[in-house]
Amino acid sequence: AGSALPHLRPWIANIPAPVVIDHFGRIDPGLGMDQAPVRALLDLAAHRHIWIKLTGADRISRLGPPYADVQPIAQRLVEVAADRLLWGSDWPHTGYFDPQRMPHAGGLLDALCTFVPQADLRDRILVDNPSIAFSWFDNNQNPATPPEQRFLRQWGGAAGANCSSTEVRHEQPGFAC
C-alpha cells in the first residue's frame, strides 16, 4: 500500500540496483497531493536508479475512468522524472474478478494521453524509457525493436500520433491495447 512508502523510502532509495515502483506506488489519490506517500514517491522519483510505472490508474482511482484524481500525481511525476517513467496497460488485469470492473486498455491509454498531453514526452514514456530501463539493445549496436515497441510506435507511441482509444483497439499475442 502507498501508506508504507514513507517508511520504505530510505531503504528503497539506498538499494544498489535499479528499482521499478509500479501502480503509482499504490498511492491513494483521494488524499490529495499534500500527503506523505506522494512526497515519498516524488522523492524516490528524483533518484536516478528508480523508475516509476504509470500503470494501474484504475486500481488507485476513487473516481474511475478517466481517472481525473490520478492526473495530478502523474503530471507531477512527469515534472520530476519524465526520463524514468514507464507505462503499460497492466494486461491481463489480474485480481479483477468482476468482468464489469475490467478496465479497457484503450481507456487506460486515453488516460495516459490526458496525464501526458505532450507527444514527445509520451513517446519517451512509451518507447524510449522502456528501451533504456529493460536494456532492449542488441550488444549496444542498433536498438532491437521488440513487438511491443513496434506496436506502440505504430499505434500511439510515436510523437504526434493520435492517441485515442477509438483507434487503439488491437489485440496482439503477449500485448493488449
Side-chain angles (χ1 to χ4, degrees), residues 1-91 93 95 103-134 148-149 152 156-165 168 177:
S3 61
L5 267 180
H7 305 291
L8 294 172
R9 188 197 56 73
W11 176 71
I12 294 170
N14 288 302
I15 293 174
V19 174
V20 177
I21 299 172
D22 68 354
H23 300 112
F24 292 90
R26 295 273 186 173
I27 289 174
D28 181 349
L31 299 177
M33 291 297 290
D34 189 26
Q35 59 171 300
V38 169
R39 289 190 297 275
L41 184 63
L42 293 172
D43 177 75
L44 288 167
H47 292 266
R48 300 297 308 160
H49 72 291
I50 296 179
W51 298 76
I52 311 289
K53 288 179 71 178
L54 303 179
T55 57
D58 56 295
R59 296 179 185 275
I60 65 170
S61 176
R62 289 186 182 189
L63 303 178
Y67 315 111
D69 54 339
V70 179
Q71 186 171 347
I73 298 169
Q75 289 178 332
R76 187 70 179 105
L77 285 166
V78 169
E79 292 171 10
V80 172
D83 61 332
R84 283 169 289 100
L85 298 177
L86 305 166
W87 183 86
S89 68
D90 207 22
W91 184 86
H93 308 290
H104 188 279
L108 295 170
L109 184 58
D110 282 348
L112 177 70
C113 294
T114 300
F115 298 163
V116 187
Q118 307 88 343
D120 60 324
L121 291 177
R122 270 196 322 271
D123 196 47
R124 181 182 289 181
I125 292 166
L126 292 170
V127 179
D128 300 332
N129 291 354
S131 294
I132 296 165
F134 300 114
E148 295 88 352
Q149 282 188 353
L152 286 172
N162 184 342
C163 200
S164 168
S165 64
V168 184
C177 194

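Along the sequence shown, residues carry numbers from 1. As the structure is a computational prediction, the values presented were derived from the model and not from experiment.
Pairing each heavy atom of Asp28 with each of Gly30, the nearest pair is OD1-N, 2.8 Å. Between Asp90 and His23 the shortest heavy-atom distance is OD2-NE2, 3.0 Å. The minimum heavy-atom distance between Pro29 and Val70, with the atom names listed, is CG-CG2, 4.0 Å. The shortest non-hydrogen separation linking Ile52 to Ile50 is CD1-CG2, 4.0 Å. In terms of heavy atoms, His7 sits closest to Pro10 at O-CD, 3.6 Å. Contact between Ala13 and Leu44 at its shortest, heavy atoms only, is N-CD2, 3.7 Å.
At least one donor-acceptor pair under 3.5 Å links the side chain of Ser131 to the backbone N or O of Val127. In terms of modelled atom types and a separation under 3.5 Å, the side chain of Gln35 and the main chain of Gly32 share a donor-acceptor contact. Judged purely by atom type and a 3.5 angstrom limit, Arg84 uses its side chain to pair as donor or acceptor with the backbone of His47. Using a distance-only test at 3.5 Å, with no hydrogens or angles considered, no donor-acceptor pair links the side chain of His49 to the main chain of Pro16. Side-chain atoms of Arg124 never come within 3.5 Å of backbone atoms of Ala82 as a donor-acceptor pair (strictly under, hydrogens ignored).
Under the side chain to side chain contact (heavy atoms under 4.5 Å, CB included) test applied with Leu121, the options Leu126, Asn129, Asp83, Val116 reduce to a single match, Val116.
Annotation: side chain of Pro103 is in contact with side chain of Tyr67 (closest heavy-atom distance under 4.5 Å). With contacts defined as side-chain heavy-atom distances shorter than 4.5 Å, the pair Leu85/Trp51 does not qualify. Residues Leu86 and Phe134 have side chains in contact (heavy-atom distance under 4.5 Å, counting atoms from C-beta outward). No side-chain heavy atom of Leu112 sits under 4.5 Å from any side-chain heavy atom of Thr114. Contact annotation: the side chain of Leu77 approaches that of Phe24 to within less than 4.5 Å [non-hydrogen atoms, C-beta and beyond]. Considering only heavy atoms from C-beta on, Asp34 comes within 4.5 Å of Arg39 through its side chain.
To the nearest 0.5 Å, the span separating CG on Leu41 from CD1 on Ile73 amounts to 8.0 Å. Atoms NE2 and OG, on His104 and Ser89 in that order, are 10.5 Å from each other to the nearest 0.5 Å.
Here Arg9 pairs with Asp43 in a salt bridge; the nearest charged N to carboxylate O distance falls below 4.0 Å. Ion pairing of Asp128 with Arg122 is absent here, as no side-chain N (NZ or NE/NH1/NH2) approaches a carboxylate O to less than 4.0 Å.
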Determine whether Leu42 and Arg76 satisfy the following criterion, side chain to side chain contact (heavy atoms under 4.5 Å, CB included), listing intermediate values before the conclusion. CA-CA 8 Å; Leu42 293 172; Arg76 187 70 179 105; 3.5 Å; yes
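For the salt bridge (Lys or Arg N to Asp or Glu O under 4.0 Å) test, no residue two or more places apart in sequence or in another chain qualifies with Asp69.
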